[in-house]
2 protein chains.
Amino acid sequence: MSSKATPSMLGRALLALIHRSPSSGYDLRKLFAESHLHHFSSSPGAIYPALQRLENDALIQGTVEQIDTLRPRRVYRITPRGLAALRAWLECRVTREDVVSNIKDLTLRFACMGGHLDDAATLRFLDGIVTELAPFVAELEEFARTGTGDLPVHGRLAVKSGLAQYRSFLEWAREARNHFQEGETGG
Amino acid sequence: MSSKATPSMLGRALLALIHRSPSSGYDLRKLFAESHLHHFSSSPGAIYPALQRLENDALIQGTVEQIDTLRPRRVYRITPRGLAALRAWLECRVTREDVVSNIKDLTLRFACMGGHLDDAATLRFLDGIVTELAPFVAELEEFARTGTGDLPVHGRLAVKSGLAQYRSFLEWAREARNHFQEGETGG
DNA sequence: CGATACATGTAACCGGTTACATGATTTT
DNA sequence: AAAATCATGTAACCGGTTACATGTATCG
């Protein structure tokens, strides 16, 4: 049935985790609840429907294990289709939209690349962030310098807060890029 | 009817803007579309229903102007109830939850304080951020130092990215606090 | 025997996204 | 006359939140 192209952010996170190792809904809930990966809900009302959607789209495949033991677990594994979707998500070009509005998503993407994409792909990703984010930060800086004259103090400071966040992410991307370049120079 | 306590983030933003100056839905859409305040949608499907909810809760009051001119505008004004709700939102204590998960919301709150709360209240707010955020950042730093040994490189770097964001916001809050303290010393 | 952990789900609600729908006014 | 802008809305859809519902296994 439904061949929806793009799962939600939660769906993508689940897909990546299931790819790393086959898991049940309960496993994944525990992961979210215990880990320092906040901004993900561990509520069953979010996770189980998300898993069902992924299975409807044939990105994962659930099989019930331990039927005899009266404590059955529905364990999900990624499908070839799911692997393709995951790869497409991880490898797609970074846009300005992404760096302006989806920093959480980018961080998630980065975390999911580990052990899946090679260092060259990671480098392309980080380069993409720097390429898109640097001019935006420059624009914001320009705006903070010249465009906030009519704004009240609170407004000016609020702009500075946003700017600081973006700048910090840009710096992180540059450092991470350097990190991966060092490991890559040998080709 | 419905006396819902807390409007959504969009609702709160609209409430604050309407408080600043009475506005129509169209005015507000333009504001969101043009301003550097991203992370707010200017789509009519978001704004008009949000305004209706605010009016249902008697936080704002709409009156049609220019009925004769064949181009009527529904202009909203804040009500006493709305003013109370706005004040309650702006003045409520900053929690750990807030600094961990709702940084956008805190920034919005700060921006909305301008010209509405006095500097003492702003100081309390910024102090609250520092008080709640500093220990959390310390914990995260501790975790980044000692707890990420089993994580792959990507995971470690992703944690660092989050940490950098929080640290940046904490620094901003400290600087802003200093800014307001200087202006307040004469009290 | 009661609490906690294991394990999976559903249902109502809420609010944002996207797209559609309508029609007047001003500008080119 | 066409295009852009003013101005307001609705309807379908999607997905997260909250709360509810169910039952077993294990530990103290």
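Quick note: numbers below take in every heavy atom, side chains included, and nothing from hydrogens, waters or symmetry partners. Residue numbers start from 1 in every chain, and the chains themselves are labelled A, B, ... in the order their sequence lines are given, proteins ahead of strands.
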So what does [X] hit on the nucleic acid, given a heavy-atom distance under 4.0 Å: a base, only sugar-phosphate, or nothing?
X	answer
B/Ser41	sugar-phosphate
A/Gly25	sugar-phosphate
B/Arg74	sugar-phosphate

- Query: Mapping A/Pro44 and A/Leu10 to their closest nucleotides on DNA chain D, which lands nearer the 5' end?
  - Reply: A/Leu10
Which nucleotide in the list [options] gets nearest to the side chain of [X]?
X	options	answer
B/Gln52	D/dT10, C/dT8, D/dC6	D/dT10
B/Tyr26	C/dG15, C/dA7, D/dA7	D/dA7
A/Ser8	C/dG16, D/dG16, D/dA7	D/dG16
B/Tyr48	D/dA7, D/dG16, C/dA7	D/dA7
B/Ala46	D/dT10, C/dT8, C/dT17	C/dT17
A/Pro49	C/dT10, D/dT8, C/dC6	C/dT10

- Query: Does A/Arg53 make a side-chain N or O approach to OP1 or OP2 of D/dG15 shorter than 4.0 Å?
  - Reply: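 Result: yes.
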- Task: State whether A/Ser43 places a side-chain N or O below 4.0 Å from either non-bridging phosphate oxygen (OP1 or OP2) of D/dG16.
- Result: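 False: A/Ser43 side-chain N/O out of range (4.0 Å or more) of D/dG16 OP1/OP2.
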Rounded distance in Å - [atom1] ([X]) to [atom2] ([N]):
X	N	atom1	atom2	answer
B/Glu65	D/dA7	CD	C1'	14 Å
A/Glu55	C/dT8	CD	P	12 Å
A/Arg73	D/dG23	CZ	P	22 Å
A/His39	D/dT17	NE2	P	13 Å
B/Leu51	D/dG9	CG	P	9 Å
B/Lys104	C/dG16	NZ	C1'	13 Å
A/Arg12	D/dC14	CZ	C1'	14 Å
B/Ile47	C/dG16	CD1	P	10 Å

- Query: Does a side-chain N-to-carboxylate-O contact under 4.0 Å join A/Glu139 and A/Arg96?
  - Reply: yes
- Query: Quick one: do A/Glu171 and A/Arg174 make a salt bridge, cutoff under 4.0 Å?
  - Reply: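 A salt bridge is absent here (no side-chain N lies under 4.0 Å from a carboxylate O).
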- Message: Donor-acceptor pair, distance only, cut-off 3.5 Å: does the side chain of A/Arg177 make one with the backbone of A/Leu123?
- Response: no
- Task: Step by step, work out the salt bridge (Lys or Arg N to Asp or Glu O under 4.0 Å) result for B/Arg12 and B/Asp105.
- Result: CA-CA 10 Å; B/Arg12 297 191 290 272; B/Asp105 210 295; 2.3 Å; yes
- Hey, could you give me the CG/CG distance between B/Leu51 and B/Leu28, rounded to the nearest 0.5 Å?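 So the gap between those two atoms works out to 6.0 Å.
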- Message: Under a plain distance cut-off of 3.5 Å, with no hydrogens placed, do A/Thr122 and B/His154 share a side-chain donor-acceptor pair?
- Response: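 There is such a pair (donor and acceptor under 3.5 Å, judged by atom type) between the side chains of B/His154 and A/Thr122.
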- Starting at the 5' end of DNA chain C, which residue's closest nucleotide do you reach first, A/Val75 or B/Met9? A/Val75
